There are 2 protein chains.
Amino acid sequence: MSNGQTNSTELDPIRKDILHGARELFIHFGFKKTTMEDIAKKIGKSKSSLYYYFKTKEDIFEAMALEDMEQQHQNAVTSMNQYITVQDRFRSFVVSLLRHLIENNQQYSVFKAEVMENPFLIVNITEKRNAYMESFLKDLVLYGIRRGEIRELTHEEIDIWAKAINVSLKGIGSRLFLGNDQELFKDHLGFIADSLFTGITV
Amino acid sequence: MSNGQTNSTELDPIRKDILHGARELFIHFGFKKTTMEDIAKKIGKSKSSLYYYFKTKEDIFEAMALEDMEQQHQNAVTSMNQYITVQDRFRSFVVSLLRHLIENNQQYSVFKAEVMENPFLIVNITEKRNAYMESFLKDLVLYGIRRGEIRELTHEEIDIWAKAINVSLKGIGSRLFLGNDQELFKDHLGFIADSLFTGITV
DNA sequence: TATTCGACCAAAAAGATTAAATGGTCGAAA
DNA sequence: TTTCGACCATTTAATCTTTTTGGTCGAATA
């Protein structure tokens, strides 16, 4: 019944097992060095069985990464919903996202190199993430305009802003991920978010 | 007399020849596929002669890339100096940088893939560029504070802002470089720059 | 002294060939 | 509906050989 095309986290416990086992292996050994048999053995099933739940090895990877991403965004949104003003919401959302990056960056160390060498792995995920983030940011702007906190912008401007902020955050994120000045940034994530949102003018 | 360690563009015409010839070859065939003999032949010299001017092949590449970078920044600064207010200056600087990326992105097509596969090539250049950009942005902020356009910020905040904006611009830049929505961004570079600088609040 | 170059070398890359590992399929069985 | 062993085509790893290439050096040139 549950074939590979299920778009999001399925309730199916075996599917979850696979994803869970795969995650550990991927994180420790990377994508290439983790074989389908490794994953199968880890959950006490045969290799063929995996193909009942996922179409390809890449699909497993993608599903796993997507799960992470959704969890991350869920946290950020939850954190954000404590606040009312757009500025507070934006700050809280951004800080949650970036802080997660700093705190869990050790965990993905092997992972990094892997993904660098196999960029095709994350192209789908990246696209989904971009689409999600842009749509999210646009909604936030509309909310801000309705509240009178953000000035009237054309639809095109809103679109551009969402795209620009998305890639800006990605730039900041990768610096946090790869760079060695996390300590410096750590305590100023709120300032960064506010700067992007309200600028630094008087 | 002129050995490899000269830091910037030298007047030495032969050195310029080498750089010029190398640039064409690198752009057409990439770093790996361009051999020292190719470069030597191109300028009608022997391979050994190249080593009189440059210590290694990487050095040639770096010198070439550095030349490009300096030219680019020179243009941006020139463009910026037409204006007085920080906001105008910042906008003009950013627009000049990003527009160059859009307009000359065809030219670097083969180049892109090359650099992706040999990240070590640009690590030095990237560091220099980051240092330069951050220092430049910090100066601009100080100028803005002196003029009363930018609110008082701590030294740490200025530092953080410079770093954050630098990587943000890099994020925007790589989207312009790799993505396929250049047309959309093209006419809104000024808006993007202003958003980063003054925010989008009322 | 400043510059060029041919001869030379060690190291890396490119090919060729073979052996092993791996992703994925399929039909039968539970 | 779910699991699995047997099986296959394709990749990848390993090994060895040949070629190319980055880089050095001493002599020659001017």
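As the structure is a prediction and not an experimental result, all values here were calculated from the model. We use all heavy atoms of the structure for the numbers below, so side chains are in, but hydrogens, waters and symmetry mates are not. Letters go in sequence order (proteins before strands), and every chain restarts at 1.
- Residue B:Tyr132 qualifies as enclosed at atom OH: its count of foreign heavy atoms under 6.0 Å is above 12.
- At whole-Å resolution of the value, CZ in A:Arg15 and C1' in D:dT2 are 15 Å apart.
- A:Asp38 has its CG atom 7 Å from the P atom of C:dT22, to the nearest Å.
- Residues satisfying the side chain to side chain donor-acceptor pair (under 3.5 Å) criterion with A:Gln182, sequence neighbours excluded, are absent altogether.
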Identify the pairs formed between an N or O of the protein and an N or O of nucleotides 9-13 of chain D at a distance under 3.5 Å, and give each distance.
none

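- Distance, B:Phe54 CZ to C:dT3 P: 13 Å, rounded to whole Å.
- Residues in residues 111-125 of chain A take part in no salt bridge (Lys or Arg N to Asp or Glu O under 4.0 Å) pair, two or more places apart or across chains.
- Proximity note for A:Met36 (side chain, C-beta onward) versus C:dT3, D:dC4, C:dG23: the nearest is C:dG23.
- For residues 27-36 of chain A, every residue pair satisfying the side chain to side chain donor-acceptor pair (under 3.5 Å) rule, not counting sequence neighbours, is listed here: A:Thr35-A:Asp38.
- No side-chain heavy atom of B:His73 sits under 4.5 Å from any side-chain heavy atom of B:Phe136.
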List every contact pair, protein side and nucleotides 25-30 of chain C side both N or O, where the distance is under 3.5 Å.
| from | atom 1 | to | atom 2 | distance (Å) |
| --- | --- | --- | --- | --- |
| C:dT25 | O4 | A:Ser48 | OG | 3.4 |

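- Under the ring pair (Phe, Tyr, Trp, His ring centres under 6.0 Å) criterion, the residue pairs touching residues 101-121 of chain A are A:Phe61-A:Phe111, A:Tyr108-A:Phe111, with sequence neighbours excluded.
- Rounded to an integer number of Å, the gap from A:Asp12 CG to D:dT3 C1' is 13 Å.
- The listed nucleotides are D:dT3, C:dT4, C:dG24; the one nearest the side chain of A:Thr56 is C:dG24.
- In this structure A:Asp68 satisfies the salt bridge (charged side-chain N to carboxylate O under 4.0 Å, His left out) test together with A:Arg23, sequence neighbours excluded.
- Comparing the helix axis at one end of the helix from C:dT1-D:dA30 to C:dA30-D:dT1 with that at the other, each defined from 5 consecutive pairs, gives an inter-axis angle of 50° (nearest 10°).
- Of the candidates C:dG23, D:dG23, C:dT4, the closest approach to any side-chain atom of A:Thr35 belongs to C:dG23.
- Nearest approach of A:Leu184 to B:Ile160, heavy atoms of both residues: O-CD1, 3.4 Å.
- With sequence neighbours excluded, the residues that form a salt bridge (charged side-chain N to carboxylate O under 4.0 Å, His left out) with A:Lys42 are A:Glu24.
- In this structure, CG of B:Leu25 is placed 13 Å from P of D:dT21, rounded to the nearest angstrom.
- Applying the salt bridge (Lys or Arg N to Asp or Glu O under 4.0 Å) test to pairs two or more places apart or on separate chains, those with a residue in residues 151-162 of chain B are B:Lys138-B:Asp159, B:Asp159-B:Lys163.
- With sequence neighbours left out, the salt bridge (charged side-chain N to carboxylate O under 4.0 Å, His left out) criterion links B:Arg175 to A:Glu134, B:Asp181.
- The phosphate of D:dT2 has OP1 or OP2 within less than 4.0 Å of a side-chain N or O from A:Tyr52.
- Taking atom CD on B:Glu37 and atom C1' on D:dT20, their separation rounds to 10 Å, with Å as the unit.
- In this structure, A:Lys45 atom NZ and D:dT1 atom P are separated by 16 Å, rounded to whole Å.
- Ranking D:dG5, C:dG24, C:dT3 by closeness to the B:Ile14 side chain, first place goes to C:dT3.
- Computed from coordinates, the A:Ile60 CD1 to C:dG24 P distance equals 9 Å when rounded to whole Å.
- Judged as a salt bridge (Lys or Arg N to Asp or Glu O under 4.0 Å), the pairs with a partner in residues 73-90 of chain A (not counting sequence neighbours) are, in order, A:Asp88-A:Arg91.
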